[in-house]
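Here the structure is laid out as structure tokens; the discussion comes afterwards.
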Amino acid sequence: MSSLTISNLSKRYGAVEVLDGIDLAAEAGEFIVLVGPSGCGKSTLLALIAGLETITSGEIRIGERVVNNVPPKDRDIAMVFQSYALYPTMTVRQNITFGMESRGVPKAEQNEAVARVASLLQIEPLLKRKPSQLSGGQRQRVAMGRALVRDPLLFLFDEPLSNLDAKLRVEMRTEIKKLYRTLGKTTVYVTHDQIEAMTLATRIAVMYQGRLQQFDRPKVIYEKPANMFVAGFMGSPSMNFLDVETFADNGRASLALGNELMLPVPDAADLTPGRKLVLGLRPEHLAHANGDDLPSLPARVEVVEPTGAETIVILKLGDHEVTARFDPDGAPAEGEIIDLAVAINKACLFDPETGLRL
Amino acid sequence: MADAAYDPHATSGGARRLSAKVIVYGFLLLFAAYYVLPLLVILMNSFRDLEEISKLGLIGLPRSFSLEHWASAWSSFCVGGTCKGISPNFYNSLYMTVPATIVSTLLGAINGYILSKWRFPGAGFIFAAVTIGVFLPGQMVLLPWAFVLGKLGLTNTLEGLMLVHTIQGLSFTTLFCRNYYVSIPDDLIKAARIDGAGFWRIFFRIILPLSPPILIVTVIWQFTGIWNEFLFGVVFSSGSQQPITAALIALSSAGTSVHQYNVEAAAVLIAALPTLLIYFFGGRWFVRGLTQGAIK
């Protein structure tokens with residue numbers, strides 16, 4: 001059973017097309033992450049699901065019900081905002097009960113629900129405080145408490161972690177994942193952070209310029225990106241893109257990188273010679289050549305950036321600049337010329353015209 | 001308290017700092033005196049004998065002292081044929097000002113709430129149309145109001161003035177409240193809508209509790225504005241229906257050729273008392289409210 005179905009959804013503000021032909025369906029209990037750069041329409045899509053904006057055309061179903069014209073309060077959803085949107089003049093307890101109060105839930109039931117959520121999120125000591133007396137992480141918890149108290153069909157998260165500092169963000173990310181494991185509720189989560197998307201999602205919807213670029217499991221999105229945008233957006237450091245040309249080398253299809261550098265074609269793809277392509281290589285698919293079967297190319301080390309757990313190395317490969325990920329112990333030194341092995345079978349080839357993966 | 005620490009940026013000793021302070025405070029005192037002196041002159045005249053005033057002039061320290069001019073101004077001086085002082089007009093002003101202040105402030109808050117948080121097509125135009133009232137001179141609306149009051153049968157009534165002040169005040173109150181509410185995050189409204197709250201619940205439970213700073217500003221502004229208003233009062237009312245500002249004119253041109261300066265001074269001070277009190281007790285919040293943005 002799917003608990004959220006979006007068909008051919010479009011949204012325009014006057015002449016500006018914000019969302020165009022979005023199709024997306026979440027199975028019950030799925031954690032869908034909408035990810036993309038700012039302005040891609042992901043937050044608008046969430047607002048449309050919540051009913052805070054009206055759709056221009058298309059259809060949204062929550063459960064089995066078409067909700068196009070259903071007001072937010074009747075959609076059986078709960079939402080956590082980027083700004084937390086805690087009511088400043090109310091205590092934490094009042095913030096959590098405000099929704100139940102609006103829906104006329106009896107007092108005893110309200111108290112029970114508050115107690116349950118407060119113990120789940122460990123915010124019991126905060127119930128009498130005002131939002132201004134809470135730290136960022138505590139506000140975040142209260143905002144989640146306000147959503148959790150409702151037990152809705154659908155949880156919506158709008159960049160809930162982006163106002164937290166880096167350390168707290170990672171902690172809360174884990175906590176959200178644990179919470180999701182416990183509750184198993186269908187969730188739609190908006191973020192611009194591709195790491196959050198990879199770690200949390202059962203499926204990721206990558207959006208760009210108002211269109212859905214790809215909607216799939218994180219592993220597929222990472223390894224088999226649908227196009228150059230998805231390939232470049234997901235992963236940090238980004239995938240390296242190299243302009244190449246196909247040619248026949250003794251009957252074997254090969255890729256020329258210029259300056260007499262050449263590589264075999266991955267997976268013996270059937271390519272006519274003389275075709276211009278873009279080769280996509282992830283930083284972790286470049287390494288020291290160590291005598292195995294991988295093809296290798298000479299490369300000059302330009303910059304070395306140790307991060308602790310790994311060392312990022314920028315190399316010059318002919319005219320191309322590429323980024324590679326090395327183990328700190330095996331990282332080359334600046335100025336060195338190394339033999340760079342390329343895991344060519346994990347590489348992606350893109351059509352430079354359409355940007356699509358071949 | 002720690003002793004003043006050594007400050008390497010301080011370039012001079014105590015004497016020079018003292019002389020700087022003397023200059024600053026001297027200027028401040030001078031300007032304070034400039035604004036307070038007229039009030040003092042009026043206050044002193046309200047205690048002086050008429051004889052003393054006419055002999056020694058309006059400006060001078062009192063040589064005689066009496067509160068009877070205050071009593072006379074309040075309850076027995078003859079204004080326009082009736083000898084009850086200006087107390088009836090004082091009550092008229094109260095009767096007119098308090099409801100007009102409350103209603104125009106509340107309506108302004110609701111207008112501001114709609115224009116900032118429930119925007120609709122044409123909201124910008126309506127806001128511009130409402131605020132243009134801030135810039136229209138009162139003389140321009142005299143005839144239209146005379147016409148409307150006549151049609152409603154409210155000519156020469158305090159209720160009519162109440163209506164005029166309520167409507168005229170909406171431009172200000174709407175402007176104040178709308179600009180304040182704009183800085184309240186929209187996410188609060190969205191969260192409340194998802195929580196199931198409607199238009200009024202959001203207004204009363206979320207917006208109004210955030211409003212005291214701007215409501216205090218609006219109430220002070222409206223109260224002093226309506227209380228001190230003169231043009232509408234003098235045009236749209238007469239005799240027993242006059243607010244205190246109009247009555248002051250009637251009092252100073254009352255029958256006899258001799259000006260009762262001491263009674264007039266006392267009457268002016270009585271008329272100024274409510275707004276002065278509001279300034280003394282509410283001024284602090286007024287300044288704070290004007291400079292304060294919304295609450296995070």
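In what follows, chains carry the letters A, B, and so on, assigned in the order in which the sequence lines appear, proteins first and then strands, with residues in each chain numbered from 1.
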In terms of heavy-atom pairs under 4.5 Å, which option from A:E101, A:Q94, A:Q82 contacts chain B the most? A:E101
Write out, in numerical order, the residues from residues 189-203 of chain B with a heavy atom short of 4.5 Å from a heavy atom in chain A. B:K190, B:A191, B:A192, B:R193, B:I194, B:D195, B:G196, B:A197, B:R201
Got more than 12 heavy atoms from elsewhere within 6.0 Å of CH2, B:W221? no
Can you tell which of A:P72, A:G99, A:S102 has the highest number of heavy-atom pairs within less than 4.5 Å of chain B? A:S102
Are there over 12 heavy-atom neighbours, none belonging to B:F230, within less than 6.0 Å of that residue's CZ? yes
Contacts of A:V70 meeting side-chain contact (heavy atoms from CB on, under 4.5 Å) (sequence neighbours excluded), chain-then-number -> A:R65, A:V67, A:D74, A:R75
Does the side chain of B:L188 come within less than 4.5 Å of A:P88's, by heavy atoms? yes
Check residues 105-116 of chain A and write down every donor-acceptor pair under 3.5 Å in which the side-chain atom is one partner and the other belongs to a residue at least two apart or another chain.
{"unit_1": "A:Q110", "atom_1": "NE2", "unit_2": "A:V105", "atom_2": "O", "d": "2.9"}

So with a 6.0 Å cut-off around CZ of B:F120, is the heavy-atom count from everything else above 12? yes
Taking a cut-off of under 4.5 angstrom between non-hydrogen atoms, the residues of residues 47-58 of chain A near chain B are A:A50, A:G51, A:L52
In Å, rounded to the nearest 0.5 Å, how long is the span from CD1 of B:I206 to CZ of A:F98? 4.0 Å
For A:A85 and B:D187 the tightest heavy-atom approach is CB-O, 3.6 Å
Given the options A:R103, A:R150, A:M90, which has more heavy-atom pairs under 4.5 Å with chain B than any of the others? A:M90
Below 4.5 Å from any heavy atom of chain B, which atoms of A:L156 appear? Answer side chain, backbone, both or neither. neither
Considering residues, nucleotides and ligands other than B:L277, do more than 12 of their heavy atoms fall under 6.0 Å from its CG? yes
